[in-house]
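Since the structure comes first, as structure tokens, the remarks are kept for the end.
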Amino acid sequence: MPELPEVESVRRQLAPHVRGRTVVAVARDPYPARRLGDVERAVGGTVTDVARRGKFLLLPLAGTAPAHPSELVLHLGMSGILRVLDGDDPAGRVGGGGHVRVRLTLDDGRVLVLRDARRFGRVTVVDPGDHGAASPALAALGPEPLGPAFTVDHLARGLARSSAPVKARLLDQRLVAGVGNIYADESLWRAGIHPDARRVGRVRAARLHTAVRDVLAAAVEREGTTFRDYQLVNGQSGRYLTELDAYGRGGLPCRRCDGPLRTTTVAQRGTTFCPRCQRR
DNA sequence: CCGGGCCCCTGGATGC
DNA sequence: TGCATCCAGGGGCCCG
């Protein structure tokens with residue numbers, strides 16, 4: 001389940017493989033059209049950067065036909081994996097057993113492939129910066145949680161403006177970009193806030209702000225959490241799994257108070273929290 | 001504009 | 001053992 005730390009780790013590994021490379025061919029499998037846009041437009045484009053906003057990867061392309069730049073926008077969904085393989089590697093074949101949905105052949109003979117068993121990923125190519133055409137969610141994204149625009153003030157005001165459960169607010173990409181189910185549970189556990197809390201004042205907002213940043217930064221350092229499908233570009237797993245305090249630990253003892261963690265549903269998502277030390 | 005609810009998609013786990 | 005059912009999840013979309 002790629003969230004900010006996973007996508008950022010993929011970005012860092014991917015960049016040296018593709019920056020400066022030109023896309024010479026594109027192949028795709030019959031993917032649901034609404035999840036796969038005009039990827040053929042990438043042909044002829046040279047990757048000038050590998051950037052990230054929230055859970056989206058952004059690859060600006062110079063020189064795509066007809067002689068103007070464009071931007072490849074990619075979301076890994078829940079099971080998307082990017083690999084850079086040798087051109088003759090059978091694992092990179094579209095329509096083979098590896099769930100390869102999109103294959104970009106690069107000018108060094110290697111191929112960038114998107115594998116996506118559950119088909120929740122999306123890829124398209126749009127005019128540079130025309131993010132709304134790629135995804136309304138991308139265009140409406142809130143600040144990067146590890147950047148300067150994500151302040152205590154921003155979070156506190158955003159939480160005060162709504163009576164939705166605080167976990168639903170953290171998952172809302174318009175308030176803050178890149179937090180998904182795992183790191184929402186982790187941040188709330190660390191801040192001692194009940195996921196269904198609907199009134200989070202300034203003091204608790206400040207605690208949550210610190211928790212979100214600390215959790216995400218620590219997860220980036222460990223290259224993300226591999227729970228099921230997530231892999232890095234080199235095929236390795238993220239190493240944050242053993243650091244998780246809440247997610248996936250329902251019924252196990254809380255690492256802070258030793259009471260059993262409880263699992264419920266908040267905002268249509270599986271939610272694990274400590275009923276003793278996370279307060280409404 | 002906002003929030004709630006449902007849908008997409010399929011491998012793996014669980015249940016009978 | 002084999003089949004059916006359920007569950008996971010982010011974003012799109014519809015509705016009130």
Side-chain angles (χ1 to χ4, degrees), chain A residues 1-8 10 28-37 52-58 73-82 95-102 114-124 126 131-142 144-145 157-188 195-200 212 216 219 224-231 237-238 240-241 244 246-251 263-272:
Chain A
M1 293 133 257
E3 305 176 27
L4 185 150
E6 290 74 32
V7 180
E8 175 62 18
V10 167
R28 62 197 283 180
D29 82 351
Y31 212 70
R34 64 188 171 281
R35 295 188 186 278
L36 210 56
R52 179 192 57 75
R53 272 290 279 140
K55 304 170 194 172
F56 291 84
L57 282 174
L58 306 174
V73 177
L74 188 151
H75 194 294
L76 294 169
M78 76 178 282
S79 63
I81 295 166
L82 289 177
H99 304 294
V100 173
R101 310 303 181 191
V102 183
L114 170 67
R115 302 197 339 224
D116 185 12
R118 282 168 186 69
R119 294 175 178 260
F120 268 43
R122 280 193 308 283
V123 193
T124 191
V126 297
H131 292 161
S135 158
L138 173 59
L141 229 41
E144 285 293 321
R157 285 177 211 263
L159 292 176
R161 232 184 297 118
S162 159
S163 60
V166 61
K167 177 167 177 180
R169 304 295 293 127
L170 281 181
L171 294 175
D172 185 342
Q173 303 297 297
R174 295 170 297 183
L175 179 60
V176 54
V179 177
N181 207 34
I182 294 176
Y183 300 108
D185 279 6
E186 292 303 303
S187 300
L188 290 165
D196 197 36
R198 287 153 196 272
R199 286 189 310 276
V200 174
V212 166
L216 292 176
T225 302
T226 295
F227 202 83
R228 281 190 190 81
D229 304 298
Y230 165 67
Q231 292 181 12
S237 295
Y240 196 71
L241 182 68
L244 294 178
Y247 185 88
R249 300 193 70 244
T263 296
T264 57
T265 300
V266 177
Q268 288 88 45
R269 296 283 175 264
T271 299
T272 305

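Naming convention: chains lettered A, B, ... in sequence-line order (proteins, then strands); numbering from 1 in each chain.
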Verdict with supporting geometry, A/Leu141 and A/Leu138, side chain to side chain contact (heavy atoms under 4.5 Å, CB included): CA-CA 5 Å; A/Leu141 229 41; A/Leu138 173 59; 3.8 Å; yes

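Between A/Asp229 atom CG and C/dG9 atom P there is a gap of 11 Å when expressed in whole angstrom units. Taking atom CG on A/Leu36 and atom P on B/dC9, their separation rounds to 13 Å, with Å as the unit. As a whole-Å value, the separation of A/Arg115 CZ from B/dC9 C1' is 17 Å. Protein atom CG of A/Asp116 is 12 Å distant from nucleotide atom C1' of B/dG11, rounded to whole Å. Atom-to-atom, CZ of A/Arg118 to P of B/dA13 comes out at 10 Å; the value is rounded to the nearest Å.
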How does each nucleotide of nucleotides 10-16 of chain C score, in 5' to 3' order, for protein heavy atoms under 4.0 Å: base (B), sugar-phosphate only (S), or none (-)? BBS----

Please tabulate the protein-to-nucleotide N/O contacts below 3.5 Å involving nucleotides 2-4 of chain B, giving atom names and distances.
from: B/dG3; atom 1: OP1; to: A/Ser162; atom 2: OG; distance (Å): 2.7

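We find that A/Asp29 and A/Arg119 are joined by a salt bridge, their nearest charged nitrogen and carboxylate oxygen being less than 4.0 Å apart. Look at A/Asp196 and A/Arg198 and you find a salt bridge, because one of the NZ, NE, NH1 or NH2 atoms lies within 4.0 Å of a carboxylate O, short of that distance. Ionic pairing of A/Asp116 and A/Arg35 is not present here: no N-O contact between side-chain nitrogen and carboxylate oxygen is shorter than 4.0 angstrom.
Note that CZ of A/Arg169 is 6.5 Å distant from CZ of A/Arg161, once rounded to the nearest 0.5 Å. For the atom pair CD1 of A/Ile81 and CG of A/Leu76, the computed distance is 9.0 Å after rounding to the nearest 0.5 Å.
In plain terms, the two heavy atoms of A/Pro145 and A/Val212 that are nearest each other are CB-CG1, 4.1 Å.
Remark: the A/Glu3 side chain and the A/Tyr230 side chain contain no N/O donor-acceptor pair separated by less than 3.5 Å.
The side chain of A/Tyr230 places no N or O atom within less than 4.0 Å of a non-bridging phosphate oxygen (OP1 or OP2) of C/dG9.
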